[in-house]
There are 2 protein chains.
Amino acid sequence: MSGREYLGEFEHIVILALLRLADRAYGVTVRQEIEARTGREVSIGAIYATLERLQAKGYVKSQFGDPTPERGGRSKRFFHVTAKGISAVNRTHRALRSMTAGLDLVRSYS
Amino acid sequence: MSGREYLGEFEHIVILALLRLADRAYGVTVRQEIEARTGREVSIGAIYATLERLQAKGYVKSQFGDPTPERGGRSKRFFHVTAKGISAVNRTHRALRSMTAGLDLVRSYS
DNA sequence: CCAATTTATTCTATATTGTATAGCTAATGT
DNA sequence: ACATTAGCTATACAATATAGAATAAATTGG
C-alpha cells in the first residue's frame, strides 16, 4: 500500500533534472539534462515511465503547453516538482548525508 | 543482463553502512546502523537480500567469523566493500553531485 | 543430553522500480 | 494528401526493495 519513503535511484536523478530545468522541463529536455550532466544514456521511455510514477505519487505535476511553430512541434507536457516532491528529495538527501557524514574514504576516491 | 551501473537506493545505503562499520559489519549491525542514523526501519530480510545481491555483483565480500561465547552467539557473516564496490559508490555519488551542483533550492529545504 | 532460549542467517514470495522498444499523435512543409 | 518530425503512450520484462517465515547454531538450566 503506502508508497515508499525514499526516492528510487533513477527517480531521484529525474526529479533533480526537473528542479534544474525549472519551467522548461519536459520529456526531451529531461533526458538531455541527464545525459549532459552524467553521461548516462537513458531511453526516452524510461524517462516518461518514471515521470508518470512520480506524478502518481504526487511528487510532480504536469500540464500541456501550446504547440510550438516548428516542424513536428506538437505540444509538450511540462513537469514541475510539487512541495511533496521537494520533501521527498530532502528526505532522501538527509538519509544519504547522515550515512556519509564523516566517511572520508568516499570523498577521497571521488 | 549486464549489471546496472549505479547503486540502487537501498543498496547505496547498505554499502555506506558497511563502510562505516568497517570490520564489525554483519547483518544485525548493518541494520542497527541504518536505523540509528536515518531512523528508517528495515526488516532483516531486506538487509540480507541486498547484501546478497551486492555480493553477486562483486561489490562486497563476506566471510564467517568464529562463534562468540554468548547465548545464541552463532557465527556471524562479516561483510566488507571491495574496490569494485568503492568505485560503484563513487560513480553513484558523482552522478548525484553533478545533478545537484548549484541547486540551492535543495539545500535550503534540508 | 534434551528442551528452551537466543542470535543470526537463509528462503520464499510479492510489490515497486528501472529500462527498452515499438507504436501512436499532432504539428509542419511540399 | 502524404512525408517528415517532435513528442508522448503503451507494453513488457528485468532488477530491486521489502517483509515474514523457516532454519541453524550457540548457550543455559535441569
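Convention: sequence-line order gives letters A, B, ...; per-chain numbering from 1.
- The NZ atom of A/Lys76 sits 10 Å away from the P atom of D/dA6 (whole-angstrom rounding).
- With hydrogens and angles ignored, the 3.5 Å screen pairs no side-chain donor or acceptor of A/Thr38 with any backbone N or O of A/Glu35.
- Within the 4.0 angstrom heavy-atom criterion, only backbone atoms of the sugar-phosphate kind lie near B/Phe64; the bases stay farther away.
- In this structure, OH of B/Tyr59 is placed 13 Å from P of D/dA15, rounded to the nearest angstrom.
- Each salt bridge (Lys or Arg N to Asp or Glu O under 4.0 Å) pair with one or both residues in residues 75-88 of chain A, not counting sequence neighbours, appears once here: A/Glu52-A/Arg77.
- The stretch residues 15-26 of chain B participates, sequence neighbours left out, in no side-chain hydrogen bond (donor to acceptor under 3.5 Å, both in side chains) pair at all.
- Look at CD on A/Glu9: it is 12 Å from C1' on D/dA15, rounded to the nearest Å.
- At the phosphate of D/dT9, OP1 or OP2 sits under 4.0 Å from a side-chain N or O atom of A/Arg77.
- Under the side-chain hydrogen bond (donor to acceptor under 3.5 Å, both in side chains) criterion, the residue pairs touching residues 7-18 of chain A are A/Glu9-A/Arg40, A/Glu11-A/Lys57, A/His12-A/His93, with sequence neighbours excluded.
- Rounding to whole angstrom units, CZ of residue A/Phe78 and C1' of D/dG7 are separated by 11 Å.
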Just distance, no hydrogens or angles: give the donor-acceptor pairs under 3.5 Å from side chains in residues 64-73 of chain B, sequence neighbours left out.
from, atom 1, to, atom 2, distance (Å)
B/Thr68, OG1, B/Glu70, OE2, 2.9

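- For D/dT18, the OP1/OP2 oxygens have a side-chain nitrogen or oxygen of A/Arg4 closer than 4.0 Å.
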Open item on the list: At under 4.0 Å between heavy atoms, how does the protein contact nucleotides 21-30 of chain C? Give one character per nucleotide, 5' to 3', with B, S or -.
Closed with: B---BSBSS-
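- B/Ile13 has its side chain out of reach of B/Val42: every pair of non-hydrogen atoms, C-beta onward, lies at least 4.5 Å apart.
- Atom CG of B/Leu51 is separated from atom P of D/dA17 by 12 Å (rounded to the nearest Å).
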TODO: Decide side chain to side chain contact (heavy atoms under 4.5 Å, CB included) for B/Val14 and B/Leu7; before the verdict, give the C-alpha distance in whole Å, the side-chain angles of both, and the deciding distance to 0.1 Å.
DONE: CA-CA 10 Å; B/Val14 168; B/Leu7 294 169; over 6 Å; no
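- Both A/Leu18 and B/Leu103 belong to a single network of hydrophobic side chains, linked directly or stepwise wherever heavy atoms of I, L, V, M, F, W or Y lie under 4.5 Å apart.
- Rounded to whole angstrom, the span from the CD atom of B/Glu5 across to the C1' atom of D/dA15 amounts to 15 Å.
- Closest to the side chain of A/Phe10, out of C/dT19, D/dA17, C/dA8, is C/dT19.
- Across all strands shown, B/Glu11 has heavy atoms under 4.0 Å from sugar-phosphate atoms exclusively, and none from any base.
- Proximity of residues 25-35 of chain A to DNA chain D (heavy atom under 4.0 angstrom from any strand atom) is restricted to A/Tyr26, A/Gly27, A/Val28.
- When the side-chain nitrogen and oxygen atoms of A/Lys57 are compared with OP1 and OP2 of C/dT17, one or more of them lie within a distance under 4.0 Å.
- A continuous path of hydrophobic side-chain contacts links B/Ile47 to B/Leu16 [ILVMFWY only; heavy atoms under 4.5 Å].
- Other residues, nucleotides and ligands place more than 12 heavy atoms under 6.0 Å from the CD atom of A/Gln63.
- B/Ile47 has its CD1 atom 14 Å from the P atom of C/dT10, to the nearest Å.
- Between A/Arg40 and C/dT19, a side-chain N or O to OP1/OP2 separation shorter than 4.0 Å is present.
- In this structure, CZ of A/Arg53 is placed 13 Å from C1' of D/dA17, rounded to the nearest angstrom.
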